[in-house]
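To start, the structure under review is shown below, and the notes come after it.
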Amino acid sequence: MQEKDLYTNVANLKEVLNGSVYAQLDPMDEIYFTAVFTDEVKPGSASGGQEYSLHRFFLDAASPVVTGGTVGTAGSDGIWLNNYRVINRVNRLLEGAKRITPSTDKEKDEYNNILAQARAIRAYCYVQLEAYFSKDMKNPNELGVILLKDVPSTDAQLPRAKNQDVYDFINADLDYARGILTYSAASDQGARYFADKGFVNAVTARFNLYRGNMPLAKQYANEVITDTKLKLTVADPAVTPTAPVIDVSSATTTWAKEFYNVATSFNPYRNLWNDSSRGEIVFSLNRLPLGAGGSIGSKWNTNQSQLNGSPMWFWGRNLYNLFQSIPGISENMLM
């Protein structure tokens, strides 16, 4: 389909945002690389030697998990390639949006909201790229990543930009999005799947933390905590009046029944994983079983994410020891 046929109205623009930008956005490779490279994990019982060199701190710039090089689903093309693919798609969306003139005030609001979401996502991708490929994010004059501002020609060969140039671009996107987007209601379960003002400020906080601007990092982190109205988990005490004693030795105990109940668990954090509560989630990706995106479980095992599965990676020993030292955590809970 030609761009002139694709970008014809606001409805089409929204379809591009959902089906092209959000569908490709996925930090799976960042999560996997970080876990392996920083010893959060160690080779598991079913390991076939995957990423052993990376685990031993031999970082090859051509490693598929780092730079990519293959075309597949989101989250399987490497940190560099996947983030630049999202940036390229955002740039194409913004360029295509110039062809569209909203016909009503409602359409204009939706149009502006789409552009704001797209630019917030582009800023996030640049923060991800800077975090992994800039030599020193705290030095504004150090080389950063390639700055892709528009739709490049197929033979374009762009140089790396200085960190400050990338930072100016990130801040421009974040400021634009912050001026349009609002905080979604904490009770709106579906809102977690779209960038809102909470997402923008969370990215801003992380960005400033990485570049060493602690006052701004703290300011925006506090705004997220205060203004999102999300339900934070209270870790201590994790009990109820009817189950006052933590006891996981048997699934038949009152505490276990109330904690593991799929629909009415008293623990907000547990409810994040069964989608019965938004809880602490500022932003997440909507990944249906047969939808876009890869399966992150496939990074850790070759069978199923169960006790009798085939794990390629175990928790690293230091991480395991930290968990084991937490009061109330038993051996069964760590298995």
- [ ] Show your reasoning for whether side chain to side chain contact (heavy atoms under 4.5 Å, CB included) applies to Leu93 and Val90.
- [x] CA-CA 5 Å; Leu93 181 151; Val90 169; 5.5 Å; no
Interatomic distance, [X] atom [atom1] to [Y] atom [atom2] [nearest 0.5 angstrom]:
| X | Y | atom1 | atom2 | value |
| --- | --- | --- | --- | --- |
| Ile121 | Arg89 | CD1 | CZ | 12.0 Å |
| Ile114 | Leu13 | CD1 | CG | 4.5 Å |
| Tyr32 | Ile79 | OH | CD1 | 12.0 Å |
| Leu148 | Ile87 | CG | CD1 | 7.0 Å |
| Glu130 | Asn83 | CD | CG | 11.5 Å |
| Arg56 | Leu54 | CZ | CG | 11.5 Å |

Work out which heavy atom in [X] is nearest to a heavy atom in [Y]; give both atom names and the distance.
| X | Y | value |
| --- | --- | --- |
| Pro311 | Asn301 | CA-CB, 3.9 Å |
| Trp300 | Ala35 | CH2-CB, 3.6 Å |
| Asp173 | Ala123 | CB-CB, 3.9 Å |
| Ser250 | Ala256 | O-CB, 3.5 Å |
| Thr8 | Asn12 | OG1-ND2, 2.7 Å |
| Gln117 | Leu181 | CG-CD2, 4.1 Å |

Backbone of [Y] reached by a side-chain donor or acceptor of [X] within 3.5 Å:
| X | Y | result |
| --- | --- | --- |
| Asn163 | Asp136 | yes |
| Arg99 | Gly96 | no |
| Tyr124 | Leu25 | no |
| Asn91 | Asp150 | yes |
| His55 | Val41 | yes |
| Ser265 | Phe259 | yes |
| Glu142 | Met137 | no |

Common cluster, [X]/[Y], ILVMFWY with side-chain heavy-atom separation under 4.5 Å:
| X | Y | result |
| --- | --- | --- |
| Ile246 | Tyr260 | yes |
| Val16 | Val151 | no |
| Ile281 | Tyr220 | no |
| Leu209 | Val224 | no |
| Phe199 | Leu216 | no |

Answer yes or no: is there a side-chain heavy-atom contact under 4.5 Å between [X] and [Y]?
| X | Y | answer |
| --- | --- | --- |
| Tyr126 | Tyr84 | yes |
| Thr182 | Asp196 | no |
| Arg160 | Phe133 | no |
| Leu319 | Phe323 | yes |
| Val166 | Leu129 | no |
| Leu285 | Pro27 | yes |
| Lys149 | Arg122 | no |
| Ser284 | Tyr193 | yes |

So, [X] versus [Y]: side-chain donor-acceptor pair below 3.5 Å or not?
| X | Y | value |
| --- | --- | --- |
| Tyr132 | Thr34 | yes |
| Gln24 | Asn82 | yes |
| Thr228 | Arg278 | no |
| Glu95 | Tyr7 | no |
| Ser153 | Asp155 | yes |
| Gln219 | Asn208 | no |

Task: Chi angles and distances behind the side chain to side chain contact (heavy atoms under 4.5 Å, CB included) call for Arg119, Leu94 - done: CA-CA 9 Å; Arg119 291 185 64 171; Leu94 296 175; 4.0 Å; yes
Would you indicate whether [X], at its atom [atom1], is surrounded by more than 12 heavy atoms from other residues, nucleotides or ligands within a distance under 6.0 Å?
| X | atom1 | value |
| --- | --- | --- |
| Tyr52 | OH | yes |
| Lys42 | NZ | yes |
| Asn321 | CG | yes |

Open item on the list: In this structure, is the centre-to-centre distance between the rings of Phe194 and Tyr22 below 6.0 Å?
Closed with: yes
Task: Aromatic ring proximity Tyr167/Phe207, centre distance under 6.0 Å - done: yes
Open item on the list: Regarding Asp109 and Lys106, does a basic nitrogen lie under 4.0 Å from an acidic carboxylate oxygen?
Closed with: no
TODO: Give a yes or no on whether a salt bridge exists between Arg317 and Asp39, defined as a side-chain N under 4.0 angstrom from a carboxylate O.
DONE: no
Task: side chain to side chain donor-acceptor pair (under 3.5 Å) assessment of Ser20 paired with Arg92 - done: CA-CA 10 Å; Ser20 180; Arg92 291 177 182 277; over 6 Å; no
Open item on the list: If you apply the rule side chain to side chain contact (heavy atoms under 4.5 Å, CB included), what do you find for Val66 with Phe33, and how did you get there?
Closed with: CA-CA 7 Å; Val66 177; Phe33 169 84; 4.0 Å; yes
TODO: Mind running side chain to side chain contact (heavy atoms under 4.5 Å, CB included) on Trp255 and Val239 for me, showing each step along the way?
DONE: CA-CA 7 Å; Trp255 186 89; Val239 295; 4.0 Å; yes
